[in-house]
Amino acid sequence: MKQKLLLPRFLLRENLSKLARNLRFLGYDSAIYKQISFDNFKRIAARDKRIILTRSHQEAHAKSDLKIILINSDQVDEQVQEISSILKFDPVFIFSRCSLCNKILYEIAKEKIINSVPEYVLTHHSHFRICRFCGHIYWEGDHYQAIHRRMKNLVEDGKS
Ligand SMILES: [Zn+2]
């Protein structure tokens, strides 16, 4: 758990919601606040010690002590690669956070989710995690494997 504190945390403008989801897949705390002024946005970033990600040149070049990174691409894969120098792919953190609401996931016993996931999933999987905030349940199925591979490639290719 201690290592988790060392991961950078992000604050993203709301037009970067896909990038936020992808950063959450990697385990990064990636918050989005909708419809707030850039001043309030900066206040939150300063308070929570978050790196700001924005697509606005004006915001990226604003005078500030905060770390603000301009995201140029409108393609999510390229967006991940743009910041891959400050990212790392660590399997320990993959799917440690809800991609929908950014909350930490908790392990949950199979018996407790019998009515919440399809039967074939119960048959083939034994480890499950749940978001206590939105109730979404995660398991390491095909979808997980695909995201795992995709994120690894994006982060590691982006560095080279
Ligand atoms: Zn959630």
Side-chain angles (χ1 to χ4, degrees), residues 1-38 40-55 67 69 71 73-84 86-155 158:
M1 285 305 275
K2 206 171 185 186
Q3 211 183 343
K4 213 163 253 180
L5 298 173
L6 299 174
L7 290 180
R9 303 197 295 169
F10 298 101
L11 184 61
L12 299 90
R13 283 309 227 174
E14 64 179 297
N15 58 0
L16 289 170
S17 60
K18 275 190 189 163
L19 177 59
R21 286 196 66 186
N22 279 266
L23 293 174
R24 292 167 189 161
F25 287 143
L26 288 167
Y28 290 96
D29 180 340
S30 305
I32 288 189
Y33 288 82
K34 292 186 177 167
Q35 295 176 343
I36 62 169
S37 70
F38 190 55
N40 283 332
F41 197 74
K42 284 191 291 186
R43 247 171 245 137
I44 293 166
R47 184 194 68 195
D48 295 350
K49 298 192 171 56
R50 290 178 184 274
I51 298 170
I52 290 177
L53 302 178
T54 178
R55 295 213 58 211
K67 186 161 185 186
I69 298 175
I71 301 293
S73 177
D74 58 2
Q75 301 296 318
V76 68
D77 286 10
E78 291 173 7
Q79 292 174 345
V80 173
Q81 290 185 318
E82 280 185 49
I83 56 167
S84 62
I86 56 167
L87 301 176
K88 81 182 168 195
F89 177 86
D90 186 337
V92 170
F93 297 130
I94 299 290
F95 282 0
S96 60
R97 197 171 278 280
C98 181
S99 67
L100 304 173
C101 51
N102 198 35
K103 298 284 192 286
I104 293 281
L105 298 177
Y106 294 87
E107 306 259 340
I108 187 163
K110 202 173 187 172
E111 302 77 57
K112 293 188 178 163
I113 52 159
I114 279 172
N115 297 318
S116 311
V117 299
E119 206 174 309
Y120 73 90
V121 173
L122 289 173
T123 318
H124 292 97
H125 298 279
S126 47
H127 290 98
F128 295 89
R129 290 178 188 167
I130 190 167
C131 171
R132 289 180 184 160
F133 189 74
C134 74
H136 196 81
I137 297 166
Y138 294 80
W139 61 89
E140 299 187 4
D142 294 345
H143 182 59
Y144 168 91
Q145 302 299 343
I147 289 175
H148 195 285
R149 259 197 312 278
R150 187 177 145 259
M151 297 315 300
K152 187 174 197 296
N153 289 339
L154 284 179
V155 171

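Only a predicted model underlies this, so the values are computations on that prediction, with no experimental measurement involved. In each ligand, atom 1 is the first atom listed, and ligand 1 is the first ligand listed.
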Are Asp74 and Arg55 side-chain neighbours, meaning at least one heavy-atom pair lies under 4.5 Å? yes

Does a side-chain N-to-carboxylate-O contact under 4.0 Å join Glu107 and Arg129? yes

Check whether any side-chain heavy atom of Phe89 lies under 4.5 Å from a side-chain heavy atom of Lys152, and answer yes or no. yes

Under 2.8 Å from the Zn ion (ligand 1), protein N/O/S atom count? 4

Does the side chain of Asn22 come within less than 4.5 Å of Arg150's, by heavy atoms? yes

Phe95: what forms a ring pair (Phe, Tyr, Trp, His ring centres under 6.0 Å) with it, not counting sequence neighbours? Phe25, Tyr138, Tyr144

With a cut-off of 6.0 Å (strictly less than), are more than 12 heavy atoms of other residues, nucleotides or ligands near NZ of Lys112? no

